[in-house]
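In what follows, a structure is listed as structure tokens, so that the remarks can point back to it.
Values below: all heavy atoms of this structure, side chains included; hydrogens, waters and symmetry mates excluded. When a residue number appears, it is its place in the shown sequence, counting from 1.
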Amino acid sequence: MKMSLVSCISKKSRYTIPLVLFLVSVLVYSYNLEGQPRHGDEINYLGWAGNYIHLINSGDLANSCLVSIDNCNLLYHIPAHGATYSPLRMILIGIPLSLEHLDTGDYYDWSCYWFTCYNFHNAPTIQQMAAGRALSPVFGALAVVVAFLIGKILFNRNVGIIFSILFMFYNLWVWYSRTIMTEVHYIFFSMLALLLLLYSFRTGHLRIKYLVSSGIAFGCAFTSKLLSVEFSILFASIILFYGLSQRLPVDKRHVLKTSLIIGAFFLIAILGFLLTEPGFYKNPIHQIVAIKSDMDNYNRDVWFIAYPTIQGLEPTRMLSLFHYTLFPSPIEHTIPGAYPNSTFKIWWNNPPTNSSIPLTVFFFVGIGYIINKIRKLKDCIPEALVLIWFVSTFFTTLMIARDLSLERYMLPFLISIIIIASYGFWSFTRHITNKKIQISFIACALFAHAVTSMSYWQKIYFSPGTFWTNPLPYGTLQESLANPFTLIVNAIFVAFFACMILIWSKNKTKVAT
């Protein structure tokens, strides 16, 4: 009877944490979507989705606009943007428009927002913008829950909770979970694919249904945004590490089997991507050629992203990427810019650093713990995978993104920073023996991280008439030091952290003597 009661409580807590994380995230992300500042890309995506759902509702299923933007005379013709055409995204944005009966507007005008044909008098209303954003908070909150489960499977429940909370209140995720941008979709599906892939090896042997589900989810991520390719090295590493670890010593037959599993996984993902493209059913070869042509046009015409190239792996760009993601530049200097023959001036407030004091501190703590664990070569697969996630996305970000000021192209890399910081956070705090001090320290650190983005709640919830552009200036590390309240909170955290280090050092010295 006692064991049955414990089992029942355990099962309830298994669902309670994800449910609480989901509800809190939805509340934070969905409050007053009409007050969210606009971005030009939101208007583009709203125009494409509005036109898409309007044609479906009107029964015009033979219209070429349902197949591709390239063949749509109802939208502004941008060949380079055909690669971003995602029926899945159109439905996710368009369904709330339809349910709220707001699927009317000048879609042609909206789809050419960044170009000379745009007429501000025909702009979408605040209500239409809010309707297009309606499902973004849901996917943002689901991604937070998935983050908890990933951290739990890789390490333990405590790391999962910290990972989900740091992710929930990460400044960029708060913003993208309230917009019509594609980031909330492709990150959710990519992380869902990661979770399912980890789960497929959880019992020590491969469970095919989870592997297939992971491949399909990764295909949906590709459909949402091709930048999800940055997770490919991590996914291949997971299959390789867990696949080979199932049989020791490893023989050639097992290596071949693992290689086939990796190939099958990516084949499923590619098929999942193509099967969400309507043109694939009519003419598969033509659809593949059209996607390739659009990618070529995109890389030729659009300056801020490109096919992977080693030219991006310059030492100055590597350091600059850390300035965007972890710490400001301590000295003023000039580096080559994204445009040909251009330069970019870096100093303390430029570029804005998408981090917080606790996140940056615990990232370096986490890196130290990870390297130390891997160095011992014992039960270190989770740590090795997280390090591969960090290193692979670091290099792919540099190779693909020409302009690092567009922070949405860094999200796969940024999330790896968050999980490393979460691992470092828990690895550090578990050595605090006094439970009251431990809980107080955890609360202080999480609060300092959360207020970094949420102290700008007026900008998030009550700025309907404003536009925001990249790089996002709110909720950054520099801003948290410029705001008196967040500066005090950060100072308390740093002092608390320093005290914990002193106490830990003294205890270690006593044990040594």
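- Partner of I180 under the side chain to side chain contact (heavy atoms under 4.5 Å, CB included) criterion, out of I93, L135, N44: I93 alone.
- At least one cation-pi condition fails for R408 and Y176: the charged atom is not both under 6.0 angstrom from the six-membered ring centre and inside a 45 degree cone around its axis.
- F148 has its ring centre no less than 6.0 Å from the ring centre of F163.
- Taken to the nearest 0.5 Å, the CD1 atom of I150 stands 11.5 Å off from the CZ atom of F155.
- For R38 (side chain) and I43 (main-chain N/O), no donor-acceptor pair under 3.5 Å exists by modelled atom type.
- Other residues, nucleotides and ligands contribute over 12 non-hydrogen atoms within 6.0 Å of the NE2 atom of H39.
- To the nearest 0.5 Å, atom CZ of residue F167 and atom CD1 of residue I419 are 10.5 Å apart.
- No side-chain donor-acceptor contact under 3.5 Å links S98 to the backbone of I95.
- The aromatic rings of F413 and F394 sit tilted relative to each other, their planes meeting at an angle between 30° and 60°.
- At least one donor-acceptor pair under 3.5 Å links the side chain of S224 to the backbone N or O of C220.
- Note on residues 123-138: pairs passing side-chain hydrogen bond (donor to acceptor under 3.5 Å, both in side chains), not counting sequence neighbours, are E42-R133, T125-Q128.
- Paired with F362 under the rule ring pair (Phe, Tyr, Trp, His ring centres under 6.0 Å), one option of W426, Y423, F425 passes, and it is F425.
- Ring geometry for F218 against F235 counts as perpendicular: the plane angle is over 60°, on a 0 to 90° scale with 30° as the lower cut.
- Note: S213 OG to Y199 OH = 12.0 Å, rounded to the nearest 0.5 Å.
- A donor and an acceptor atom, one from each side chain of S355 and T360, are located under 3.5 Å apart.
- The aromatic rings of Y474 and W175 sit parallel, their planes meeting at an angle under 30°, below the 60° perpendicular limit.
- W389 places no side-chain N or O within 3.5 Å of a backbone atom of I417 that could act as its donor or acceptor partner.
- Crowding of Y31 atom OH: a count of heavy atoms from other residues, nucleotides or ligands under 6.0 Å not exceeding 12.
- Of the inter-residue distances, the one linking H54 atom NE2 with T104 atom OG1 reads 8.5 Å to the nearest 0.5 angstrom.
- Of the possible donor and acceptor atoms, none in the side chain of S463 sits under 3.5 Å from a partner among the backbone N and O of T466.
- No side-chain N or O of T452 forms a donor-acceptor pair with one of S356 less than 3.5 Å apart.
- Under the 3.5 Å distance criterion, with hydrogens and angles disregarded, a donor-acceptor pair is assigned to the side chains of S405 and D403.
- One distance of note links OG1 of T276 with CG of L88; it measures 7.0 Å at 0.5 Å rounding.
- In this structure, F231 CZ and T396 OG1 are separated by 9.0 Å, a value rounded to the nearest 0.5 Å.
- Aromatic ring orientation, H449 versus Y170: parallel (interplanar angle below 30°, classes split at 30° and 60°).
- Checking side-chain atoms of R178 against main-chain N and O of I460 turns up a donor-acceptor pair under 3.5 Å.
- Panel note: side chain N350, backbone K345; a donor-acceptor pair is recorded below 3.5 Å.
- Residues Y409 and E230 bring no donor and acceptor atom of their side chains to less than 3.5 Å of each other.
- Between F363 and F390, the two ring planes are tilted [angle within 30° to 60°].
- Side-chain N/O atoms of T353 and Q478 include a donor and acceptor closer than 3.5 Å.
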- Task: Tell me, with the steps shown, if Y369 and F428 meet ring-ring contact (aromatic ring centres under 6.0 Å, His included).
- Result: CA-CA 9 Å; Y369 276 109; F428 179 82; 7.7 Å; no
